[in-house]
Amino acid sequence: MATFLYRLGRFAFRRRRYVALVWVALLALAGFGAASASTATSSSFSIPGTEAQRAFDLLKERFPNQAADGATARVVFKAPAGQKMADPANKAAVEKTVAGLKAGSDQVGSVTDPFTGGAVSQNGQGSIAYLQVSYKVNAMELTDDTRDALKKSGETAQRAGLTVEIGGDALQAMPETGSGEIVGVVIAGLVLVITFGSLVAAGLPLLTAIIGVGIGVSTITALANVLDLGSTTSTLAMMIGLAVGIDYALFIVSRYRAELAEGREREEAAGRAVGTAGSAVVFAGLTVVIALVGLAVVNIPMLTKMGAAAAGTVCIAVLIALTLIPALLGFAGRRVLGRKARKAYERGEPAAEGKPNMGTRWASFVLRRPVWVLLVGVIGLGAVALPASSLQMGLPDDGSQPTSTTQRRAYDTLSEGFGPGFNGPLMIVVDGKGAAGGVKGAADATVAAIKKLPDAGPVLPPAYNTKTGDDTATITVIPKSKPSSTETEDLVHSIRDTGSSLKADTGAKLLVTGSTAMNIDFSQKMNDALLPYLALVVGLAFLLLMVVFRSVLVPLKAALGFLLSVVAALGAVVAVFQWGWLGSVFGVQQTGPIMSMMPIFMVGVVFGLAMDYEVFLVTRMREAYVHGERPGQAIVTGFKHGARVVTAAAVIMIAVFSGFIGSSEQMIKMIGFGLAIAVFFDAFVVRMAIVPAVLALLGAKAWWLPRWLDRVLPNVDVEGEGLRKQRADDADGDRELARV
């Protein structure tokens, strides 16, 4: 592989104009596709294999109008103290709002009147009411005029003295990251300038990362409608693409500068940089791709598409690092070096050996105190991981919004007027097809049984599909507790247990669905898939790293170190987002359950990124060991050449991910924080401290590989030994020709 990549790097350097033109053309083509594509709708959400999804599919078949996926909104009214919603003036203001919404947009399907639909609180005060708006299209297809009409709908009622808030997905908008994302890129640029001491060298990774992300995100946008990709898909691809794009380019540019410092010609240096550091980039990229594509194991289409789209962006980043970077290095000339290094290169002098750098000094310290470093690192991460034992999972709803939003205030007002469970009603579907006594008898028996359950609140009368067969009933149950509570989860399980006896007595099937039941099933599916996913991803990456490092213990150490860092990161996420520790620092206005997909998502993404540092740092050690250095000295050599670059790469990743903490979307904020803290733990505690400590304790045994396994595994030559021999043979051939 090193030889092939060496030739690819030299080719790209020589044919730099054509290579650059190809990438610019791809960027323009992707941009044109994104600009000409129709506006993307929201991605459909389904959880195959769960009871909630089966019930939802049955509703679409038996109640086609009720199961429509159009946007909805709730306009919530609260009367002033001492007044009731039924007072003539208040009632008139609400009725004007109803009429205004019906006439406000042709996208409105229906508007319910609170006074005829029983949507006035019966808590003894009657001071809260709501109306529901159903739209003909989903939230992403609503026009700005329709949204504006909804936002202005309560102005008449507000002038009459009522408090008006609006909830529902009709106000759903694209998540905003604010200026944090830009700040993250700016910090990345500053780190690159400090690392390289050259604006040109610092600009190359940023430029190529932006080109790669531009191609990836534009392609996702162009295909969003065709492949049913949600808005979060492009956000994730941009997040991962920026981070790895900068890092991969950083490693190749750094190796190129090191080759120049040793006195090699520019084309030769580009070839060697791509042949050595490029090999590490390929395998690092493969580990990220394995982790992202492996999300398909969970069998949730939305998550599968997010992972595949992000993996595609990573592939683009790898290809750009291997081809566009050497091409741009050809354009940059000697300006890729700092001023002192440039002058030394022009004079043909090798780089002067200064005092040992920080990486060398740190590695030497770890070699002297490996046990203490190992204990401090493991115990420290273990302590941070403790909150993960209290992890509670769920999916965000309006109750997780900041209290400054109208959606959150509408949520709280409805809870006040109708009970905490009103925002998460359960939909009970009774399939009476072929049932003894018909569907009505089964529905009545279901209502009677549910009313006896301790956590069940109001149970609404059954509704039947009289127009499409009269064989199915829906029953709405309002839990007594809030949607994310354990009491509501217990209620869902109790109702499902009731369904078993109902089927035995009547032959009818009972299914529970609704957003709350969907969340419960989703969380359970995430839990069930975590171990198989972890086994698949870690297992495949373990095999890949065995091929790279020609060792059994090094990949094992890498996997165990990753598990430690990801559990510690989950502990930090729980402490901040669930417990509220330092919540104000990170803009967390509302604590609650951790997003259900967070653990498995962090396992996938963080594992791929963690292996980046493992590959980049340890391959340099492996290269030194293969070239004859003692195990301890090889560790020092690896840190001498790689610690500064890995540190810069980690700081860049942390900066990029931290930029997403400023997002208005709780899910994006949580992902940004989780990935940033996980990279911090993995890069600076696991890879920089625990890894060299373990390698120091293992010594030469770290590179042990059974002979039979050595014969079976392919030799990909990541350390470039084959390239070194080939160049030596070429030099011998040149000297022989000269003698002739």
Enquirer: Apply side chain to side chain contact (heavy atoms under 4.5 Å, CB included) to I240 and T313, showing your working.
Expert: CA-CA 8 Å; I240 303 298; T313 307; over 6 Å; no
Enquirer: May I ask you to check whether over 12 heavy atoms, not counting those of W372, lie within 6.0 Å of atom CH2?
Expert: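 Atom CH2 in W372 is not packed in, count stays at 12 or less.
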Enquirer: So does S390 get a backbone contact from the side chain of Q578, meaning a donor-acceptor N/O pair under 3.5 Å?
Expert: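 It does hold such a pair.
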Enquirer: Under 3.5 Å, side chain of W703 to main-chain N/O of L553, donor-acceptor pair present?
Expert: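 Here the side-chain-to-backbone pair does not exist.
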Enquirer: If every non-hydrogen atom of A696 is compared with every non-hydrogen atom of I635, which pair is closest and at what distance?
Expert: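 Smallest interatomic distance, heavy atoms only, reads N-CD1, 3.7 Å.
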Enquirer: If I compare all heavy atoms of P599 with all of L570, which pair ends up nearest, and what's the gap?
Expert: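 So the minimum-distance heavy-atom pair works out to CA-CD2, 4.0 Å.
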Enquirer: Please find the pair of heavy atoms, one from T208 and one from P205, that lie closest to each other, and give the distance.
Expert: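 For T208 and P205, the tightest heavy-atom pair comes out as OG1-O, 3.2 Å.
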Enquirer: Return yes if some donor-acceptor pair links the side-chain N/O of R16 with the main-chain N/O of L329 below 3.5 Å, else return no.
Expert: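 Between the backbone of L329 and the side chain of R16 there is no qualifying donor-acceptor contact (under 3.5 Å).
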Enquirer: Could you tell me which non-hydrogen atom of L260 sits nearest to which non-hydrogen atom of A269, and how far apart they are?
Expert: CD2-CB, 3.7 Å
Enquirer: Under 4.0 Å between a side-chain nitrogen and a carboxylate oxygen: does that hold for E623 and R255?
Expert: yes
Enquirer: Sequence neighbours left out, what passes side-chain contact (heavy atoms from CB on, under 4.5 Å) with E267? Give chain and number order.
Expert: R10, F13, R14
Enquirer: If you count heavy atoms of other groups shown closer than 6.0 angstrom to CZ of F4, is the number above 12?
Expert: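 Counting neighbours around CZ of F4, 12 or fewer heavy atoms of other residues, nucleotides or ligands fall under 6.0 Å, so no.
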Enquirer: Could you verify whether a donor N or O on one side chain and an acceptor N or O on the other, from T323 and W23, lie under 3.5 Å apart?
Expert: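 W23 and T323 do have a side-chain donor-acceptor pair below 3.5 Å.
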Enquirer: Take atom CZ in F11; do more than 12 heavy atoms of anything else shown fall under 6.0 Å from it?
Expert: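 At most 12 heavy atoms, drawn from other residues, nucleotides or ligands, come within 6.0 Å of this atom.
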Enquirer: More than 12 heavy atoms of other residues, nucleotides or ligands under 6.0 Å from OH of Y533: yes or no?
Expert: yes
Enquirer: Can we call the ring centroids of F586 and F577 under 6.0 Å apart?
Expert: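 No.
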Enquirer: Look only at the side chain of S254 and the backbone of L250, and say whether a donor-acceptor pair between them is shorter than 3.5 Å.
Expert: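 No.
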Enquirer: Would you find more than 12 non-hydrogen atoms of other residues, nucleotides or ligands less than 6.0 Å from L199 atom CG?
Expert: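 It does not: L199 CG has 12 such atoms or fewer within range.
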Enquirer: Tell me whether K669 contacts the main-chain N or O of I661 through its side chain, where contact means a donor paired with an acceptor under 3.5 Å.
Expert: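 Indeed, once roles are kept as given, a pair shorter than 3.5 Å links the two residues.
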Enquirer: Can you give me the closest heavy-atom contact between R264 and E268, atom names plus distance?
Expert: CD-CG, 4.0 Å
Enquirer: Give the minimum heavy-atom separation between F331 and A20, together with the two atoms involved.
Expert: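 It is CE1-CB, 4.1 Å.
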Enquirer: Look at the side chain of D682 and the backbone N and O of S565, then say whether any donor-acceptor pair between them is shorter than 3.5 Å.
Expert: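 Flag not set: sc D682 to bb S565 has no pair under 3.5 Å.
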